[in-house]
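Report on the following structure.
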Amino acid sequence: MAGLLKAVGLRKNSSSSTTSPPSIQPLLDQYLSQYQPLIRKQPHAAKQQQTNDQSINVDKTPVPQTTTQSNDDESDDKEDKSTTKKDISTDTNKAERDKSLIALLDAAKLTKEQQGEKGENAVIDPDVAKIYAEDVIGPIIEGVANLAFEDRKAASLTLTSILTSPVPPLPPSYFSTLLACQSAVPACALPLGALLRATLSLEANNSSLLSSPSFLSVLLPVLTASPNFDVLTDSFETLKLSLTSSPAPRWLEAHYCGFFDAYGALLRNQNYVTRRFGLQLLSSVLLSRSNFGTMMRYISSLPALKSTMELLRDPHSAIQYEAFHVFKVFIVNPRKTDEIVKVLRMNKKKLVEYLQGRWGEREGEGSFREERELVIKTLEEL
């Protein structure tokens, strides 16, 4: 990073009060002229599956394998290799592009630091405001994701300082690009996740994140598909912050079906971390006073009850324990629907036997023991 800073003519320890930042517009123009989008190639297996799906729609009769399939595979391999060579040949200016990006970010940071006044009502420097434009912020995020490891960490911190107050509401495309980069480049998960959450201190940005199509189409699938622990934990941090923000209750009520359909798949995932974190977050969302309407709708859902009861049977004690904190909300609900009561009555004996003495090692944690006894008593009185 120090080498790149020196290469672009910026002194690492310069004081913002004595250094006159370079003009942002020429640096921005230079970077955008060198910008190349992240290449997210479709895996060969996915392409083959797509071909198979198309053939199934035409003719369901099994077709024996022939040399044609082999030839097709060889053709695809050749195409992939030629594409890779093309990608490499067109990316020879990466070093210069990286220098341009770092110079741009450092100039914007210095300009903003010299601005002085802070807070949401502060006037934003018109040159720095160019960074926030919808057609600019995406290329900058992807450029940061493409940097080498040490440069990416430093650039993420610089960009974080640029995107904190004062800052205008960021467009949904900003969050879509960030989430897509996290998914495509797992090594970027932590710095980009921290960058994303740093901008959520502004309520309007929480609304932009929730209204971004990628919130459901990218973030939740990452939580069900990613094998990377860092990506999972970081994505859950983002999801938790967004679902506990002030715009979240209204959004949850408006998007109840789409969100909980996707979240149900998350809770059925085979990954232990995904199930456990998912249950913890679900419990905190349901028990939040601001989500009363969403909670009542959820605990009136028979499929949701059955899903929770299945999780009580999970082989991992920690998953069972987290599922209990969701299950208890169904039980203590004084306005249970008839179908909920029917299922609970049918399983009352097994549930009571299951809960008695369960998770004894947890009895010293808060009010758990009292909650378990209340759930057992309520079940017995059904």
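Starting from 1, each residue takes its place in the sequence as its number.
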Original post:
Any side-chain heavy atom of L355 within less than 4.5 Å of one from L379?
Top reply: yes
**OP:** Following the transitive rule for hydrophobic clusters with a side-chain heavy-atom cut-off under 4.5 Å over Ile, Leu, Val, Met, Phe, Trp and Tyr, establish whether Y272 and L281 coincide in one cluster.
**Re:** yes
Original post:
Hey, what's the ring geometry for F259 with W251, parallel, tilted or perpendicular (30° and 60° as the breaks)?
Top reply: perpendicular
Original post:
Does a side-chain N-to-carboxylate-O contact under 4.0 Å join E253 and R250?
Top reply: no
Subject >> Parallel, tilted or perpendicular: rings of F277 and F236 (30°, 60°) >> reply: perpendicular
Original post:
Do L239 and Y263 have side chains that get closer than 4.5 Å, going by heavy atoms?
Top reply: yes
**OP:** Begin from the C-alpha positions of E203 and S245 and carry the test side-chain contact (heavy atoms from CB on, under 4.5 Å) through to its verdict.
**Re:** CA-CA 8 Å; E203 182 177 319; S245 64; over 6 Å; no
Original post:
What's the shortest heavy-atom distance between D314 and H316, and which atoms?
Top reply: OD1-N, 2.9 Å
Subject >> Smallest separation among heavy atoms of L216 and P221, with atom names >> reply: O-CD, 3.1 Å
**OP:** Could you check if a side-chain atom of T177 sits within less than 4.5 angstrom of a side-chain atom of I140, using non-hydrogen atoms only?
**Re:** no
**OP:** Kindly determine whether E380 and K377 satisfy salt bridge (Lys or Arg N to Asp or Glu O under 4.0 Å), including the steps that lead there.
**Re:** CA-CA 5 Å; E380 290 176 335; K377 180 181 177 181; over 6 Å; no
Original post:
So do the side chains of Y298 and N291 get within less than 4.5 Å of each other, counting heavy atoms only?
Top reply: no
Subject >> Sole residue of E322, R275, H325 in side chain to side chain donor-acceptor pair (under 3.5 Å) with Q280 >> reply: E322
Original post:
Does T294 reach the side chain of P249, with side-chain heavy atoms less than 4.5 Å apart?
Top reply: no
Original post:
In terms of side-chain geometry, is the basic nitrogen of E150 or K153 positioned less than 4.0 Å from the acidic oxygen of its partner?
Top reply: yes
Subject >> Expected output: side-chain S307 to main-chain P303 donor-acceptor under 3.5 Å >> reply: no
Subject >> Worked check of side-chain hydrogen bond (donor to acceptor under 3.5 Å, both in side chains) between D29 and Q25 >> reply: CA-CA 6 Å; D29 292 340; Q25 187 63 59; 2.8 Å; yes
Original post:
Can you name the nearest heavy-atom pair linking D234 to G193, along with the distance?
Top reply: OD2-CA, 3.1 Å
Original post:
NZ of K348: more than 12 outside heavy atoms within 6.0 angstrom?
Top reply: yes
Original post:
How long is the gap from CG on L179 to OG on S214, to the nearest 0.5 Å?
Top reply: 5.5 Å
Subject >> E371: side-chain hydrogen bond (donor to acceptor under 3.5 Å, both in side chains) partners, not counting sequence neighbours >> reply: K328, S367
Original post:
How far does NZ of K94 sit from CG of L147, to the nearest 0.5 angstrom?
Top reply: 6.0 Å
Original post:
So, E237 and K240, do they make that salt bridge, N to O below 4.0 Å?
Top reply: no
Original post:
Within a strict 4.5 Å, meaning less than it, do heavy atoms of the F175 and L200 side chains meet?
Top reply: yes
Subject >> Salt bridge flag under 4.0 Å for residues D338 and K342 >> reply: no
Original post:
For the residue pair V343 and L305, what are the closest heavy atoms and their distance?
Top reply: CG1-CD2, 4.1 Å
